Participant: 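Handing you this structure, nothing more for now.
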Amino acid sequence: MTMSQGAGALDTPSAQTLGGALTYTSSDPKDKAGGRIGQTFGSYNAFRTFARVDSGVLNSTGTKFYASFARTDQDLWKGYGDQQELQANFKLVQPVGDRGKITAIFDYSDFAQYNYMGLTKNMWEKMGRDTTYLKPNYALAKEYAYYAQNGGVPSNLQGILSNDEIGDYAYDGTQSQRNYLSAITGEFELFHNVTSKTVGYAHVSNGDYNGTNPFLISPTSGVDMALESGHPDVRRIGFTQSFNIKVHDNDIQTGIWYENDSFNYPMRMYEDGVDAAHPSLGAFKSSEAATWFSDSFNTNTFQFFLQDTYHIIPGMTVSAGFRSLLQDTHGGTKVDNTALYSNWGTYYSHPASGSMTAANAFLPHFNFDYHFRDHHEVYFDIAENMRAYDYGQQSSSGTIWGGLGSSAVSAQSVFNANKNSLKPERTWNYVVGYRYNSHLFTGSVDFYHTDYYNRIATVTEGSTGATFGAVANVGRETMNGADVMGAIRPVKGLEISSSFSWNNAVYEGSISDGGTNISLKGKHQVYYPKFMYKANLTYNWRRAMFNFNVTYTSRRAMTYTNDEYIPAYWTSNLNGSYNFGKVGFAQNIKATFGITNLFNKNYIGGVYGAASVSGDDNANLFVAAPREFFGSVSAQF
């Protein structure tokens with residue numbers, strides 16, 4: 001794993017990164033034949049089985065490979081169902097003399113899972129952490145769907161939940177997805193001072209994203225709900241080519257990235273019966289489906305980068321470079337059958353199509369780094385970045401193509417207006433820091449400042465009673481932050497560390513809500529904590545390891561006007577392991593034990609979806625899992 005210093009990850013093939021980047025590289029096959037196995041058990045019937053086989057060097061040319069397989073399964077900690085995943089990985093390495101190597105990978109994954117339901121803050125507080133989808137209580141789900149479509153709330157929930165929140169409850173929500181990823185990498189020393197790396201890759205992904213929609217009607221049974229199922233199909237193909245050139249005291253890096261991305265998303269409806277719902281995992285027959293709408297997008301991305309790192313004196317380097325980024329996306333609504341299937345209770349689905357291009361020929365990056373007197377390091381970093389436009393299905397919000405317009409104002413007209421006014425989000429990032437590292441103590445401190453431009457947000461425009469969905473440039477945002485970390489190692493095997501982060505991200509512009517322009521100046525960025533604190537204690541004694549860690553996350557604004565917050569929380573974990581060493585033909589036989597959320601705190605851990613301008617309106621909060629126990633045994637051969 002490598003991490004870019006600052007925000008200038010010029011060689012990262014991404015059109016969505018406004019900051020730094022983490023890069024993961026899988027391990028190569030071992031030179032000696034062998035393998036690894038591991039078995040994990042845990043709370044809520046959790047288990048994970050892992051096995052890997054390494055071929056070792058097979059011939060005089062150095063050919064070697066590994067193949068691994070993992071199966072994971074766990075029941076939901078609340079509600080009905082479980083989450084399962086199968087994963088297989090294969091990697092082949094073929095050296096080419098002493099000049100380089102060719103690597104080929106193939107990765108496969110297949111998961112099927114019942115989901116946790118998103119909640120409003122009020123649902124979490126009034127109904128408790130265990131509230132979720134209504135399955136298997138089908139009668140109650142039909143009752144809630146009736147109220148969702150006809151108004152009111154059940155008598156036992158009057159004054160507790162709103163009619164909108166009754167509509168947030170659904171019978172079921174599931175998803176399945178299959179991924180196939182293959183790539184070939186060639187790494188060669190072209191000359192004594194020039195190396196080349198070429199990666200060609202292809203990715204296929206498809207799945208079923210399913211949820212009971214309590215605002216539809218199953219026309220044959222007359223039930224006030226139906227299964228809504230999105231069937232995304234993704235095809236990506238691309239390559240990267242980079243060169244590293246050493247000239248005297250200069251390390252020059254340059255390269256390109258190209259990718260074509262095809263995305264198709266038909267939204268289909270399946271009837272629920274009088275006595276039972278349509279199965280939400282599998283059993284999707286085309287003869288039973290009614291295609292509500294279908295979206296199709298095609299994206300081409302091109303990036304070029306050039307960077308020079310100059311070694312001024314031993315330990316002191318300065319880097320300067322830039323990248324050029326171009327992404328063009330065209331597509332949107334391909335089919336819209338809202339009128340055709342009015343007997344299903346279909347409603348406005350926001351059809352829109354067209355093209356959007358994000359381009360910037362010069363996104364610079366500058367970095368200075370100085371290691372001195374063995375233990376000390378100072379650095380500063382300056383970078384400009386751009387984020388290309390996101391896209392997704394037409395009925396979702398938060399993208400340039402999604403959730404636009406209303407039945408009175410067409411989504412297409414809103415998209416056309418946006419096309420002429422919107423600009424891609426950009427940032428300027430500045431960071432300065434200091435690090436100290438010795439046998440007894442490690443410490444670091446940094447300060448950073450970020451200026452965001454053209455912040456894009458989902459808004460509600462139009463006059464009262466005639467509002468419609470849109471996306472808009474809500475102006476600038478500024479971010480100031482600092483990180484402090486310290487770790488001491490007072491005795492052999494013991495390390496105690498703490499870190500504190502402060503981040504003050506505030507908007508500078510305004511947002512439209514129902515025709516009213518609301519100033520956001522000084523309002524904090526949604527979903528972003530202002531303070532975080534982490535403490536970690538690790539002790540290694542001979543073959544045993546013990547770890548205890550705790551994290552504090554401050555409250556997070558839920559809305560652009562900051563009138564609602566997700567509460568702050570503490571959480572902690574406890575882990576231990578013991579390595580038994582070699583027993584017979586097995587090596588590194590290791591047992592581990594862990595407890596997550598040690599003190600069983602009830603808190604909102606995740607948020608997914610666009611934020612509201614104000615009020616507790618969005619059911620997009622997810623409660624973190626309670627205290628869970630895990631244990632595993634692993635060995636190498």
Side-chain angles (χ1 to χ4, degrees), residues 1-28 89 91 100-107 109 179-188 194-205 234-245 251-263 297-309 319-330 356-367 381 383-392 399 424-427 429:
M1 181 178 70
T2 59
M3 180 174 64
S4 66
Q5 181 163 273
L10 297 182
D11 60 340
T12 302
S14 173
Q16 307 298 323
T17 302
L18 286 176
L22 289 171
T23 302
Y24 297 88
T25 304
S26 61
S27 63
D28 278 350
N89 303 89
K91 187 173 186 178
K101 65 179 181 179
I102 297 174
T103 303
I105 65 165
F106 177 76
D107 299 325
S109 69
N179 287 278
Y180 310 85
L181 174 66
S182 57
I184 296 179
T185 301
E187 299 175 80
F188 298 100
V194 179
T195 58
S196 168
K197 182 175 182 179
T198 307
V199 181
Y201 62 91
H203 174 217
V204 175
S205 177
V234 178
R235 300 286 188 274
R236 294 193 303 147
I237 186 169
F239 73 90
T240 64
Q241 172 63 60
S242 62
F243 297 95
N244 193 307
I245 306 167
D251 291 334
I252 301 171
Q253 294 177 297
T254 187
I256 60 173
W257 167 50
Y258 170 76
E259 180 178 289
N260 176 263
D261 189 339
S262 175
F263 174 83
F297 292 89
N298 191 273
T299 299
N300 287 289
T301 305
F302 177 81
Q303 176 178 280
F304 167 79
F305 79 92
L306 174 64
Q307 179 171 275
D308 179 22
T309 300
S319 299
F322 73 97
R323 66 182 178 126
S324 302
L325 177 62
L326 169 68
Q327 184 177 94
D328 178 70
T329 299
H330 61 89
M356 294 290 288
T357 299
N360 196 312
F362 188 72
L363 295 166
H365 173 227
F366 183 84
N367 178 272
D381 190 275
E384 182 185 16
N385 288 299
M386 180 188 73
R387 179 185 179 95
Y389 298 113
D390 294 328
Y391 58 87
T399 76
E425 292 184 343
R426 291 189 304 115
T427 61
N429 304 277

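Predicted model, so just to flag it, every value in this text is computed and none were measured.
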Participant: Would you call T301 and W257 a side-chain contact if the rule is heavy atoms closer than 4.5 Å?
Facilitator: yes
Participant: Quick one: sort the F263 and F297 rings into parallel, tilted or perpendicular, breaks at 30° and 60°.
Facilitator: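 Rings of F263 and F297: tilted, 30 to 60°.
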Participant: Under the 3.5 angstrom rule, does the side chain of Q253 hit a backbone N or O of F305 as a donor-acceptor pair?
Facilitator: no
Participant: Kindly give the heavy-atom pair with the smallest separation between Q16 and A388, and that separation in Å.
Facilitator: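 Heavy-atom minimum between the residues: OE1-O, 3.4 Å.
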Participant: Can you find a pair of side-chain heavy atoms, one from N385 and one from N429, that are under 4.5 Å apart?
Facilitator: yes
Participant: For L10 and G321, work out which heavy atoms get closest and say how close.
Facilitator: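 Closest pair (atom of L10, atom of G321, distance): CD1-C, 3.7 Å.
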Participant: I'd like to check R235 versus I237 (side-chain heavy atoms, cut-off strictly below 4.5 Å). Are they in contact?
Facilitator: no
Participant: Heavy atoms, side chains only, cut-off 4.5 Å: are N179 and H203 in contact?
Facilitator: yes
Participant: Any side-chain heavy atom of Y201 sitting closer than 4.5 Å to one from T185?
Facilitator: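 Not touching, per the 4.5 Å side-chain cut-off.
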Participant: Which pair of heavy atoms, one from H365 and one from Q307, lies closest together, and at what distance?
Facilitator: ND1-OE1, 3.3 Å
Participant: What distance separates T195 OG1 from N244 CG, expressed to the nearest 0.5 Å?
Facilitator: 4.5 Å
Participant: Please tabulate, for the side chains in residues 19-27, all donor-acceptor contacts under 3.5 angstrom to protein atoms that are two or more places apart in sequence or on a different chain.
Facilitator:
residue: S26; atom: OG; partner: K91; partner atom: NZ; Å: 3.1
residue: S27; atom: OG; partner: R52; partner atom: NH1; Å: 3.1

Participant: Can you sort out the partners of L306 under side-chain contact (heavy atoms from CB on, under 4.5 Å), two or more places apart, ordered by chain and number?
Facilitator: I252, T254, F304, F322
Participant: Answer whether the closest heavy-atom distance between the side chains of N298 and N260 falls below 4.5 Å.
Facilitator: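 Touching, per the 4.5 Å side-chain cut-off.
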Participant: With a 4.5 Å heavy-atom cut-off, do N360 and E384 have their side chains touching?
Facilitator: yes
Participant: Output, in order, the C-alpha distance, side-chain angles, deciding distance and verdict of side-chain contact (heavy atoms from CB on, under 4.5 Å) for D261 and V234.
Facilitator: CA-CA 7 Å; D261 189 339; V234 178; 3.8 Å; yes
Participant: Which distance, rounded to the nearest 0.5 Å, do you find between the CD of E259 and the CD of Q327?
Facilitator: 8.5 Å
Participant: Which heavy-atom pair separates S182 from F106 by the least distance, and what is that distance?
Facilitator: CB-CD1, 4.1 Å
Participant: Only one of T240, I256, V199 passes side-chain contact (heavy atoms from CB on, under 4.5 Å) with P13; say which it is.
Facilitator: T240
Participant: On a heavy-atom basis, which atom in L326 and which in A359 lie closest, and how many Å separate them?
Facilitator: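 Heavy-atom minimum between the residues: CD1-CB, 3.6 Å.
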Participant: Taking all non-hydrogen atoms of both residues into account, name the closest pair between L325 and A15 and its distance.
Facilitator: CD2-CA, 4.1 Å
Participant: Measure the spacing between CE of M386 and CZ of R426 and express it to the nearest 0.5 Å.
Facilitator: 9.5 Å
Participant: Will you find, in the side chains of Q241 and S196, an N or O donor that is under 3.5 Å from an N or O acceptor?
Facilitator: yes
Participant: Of all residues at least two apart in sequence or in a different chain, which pass the ring-ring contact (aromatic ring centres under 6.0 Å, His included) check with Y389?
Facilitator: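 Y389 satisfies ring-ring contact (aromatic ring centres under 6.0 Å, His included) with no other residue.
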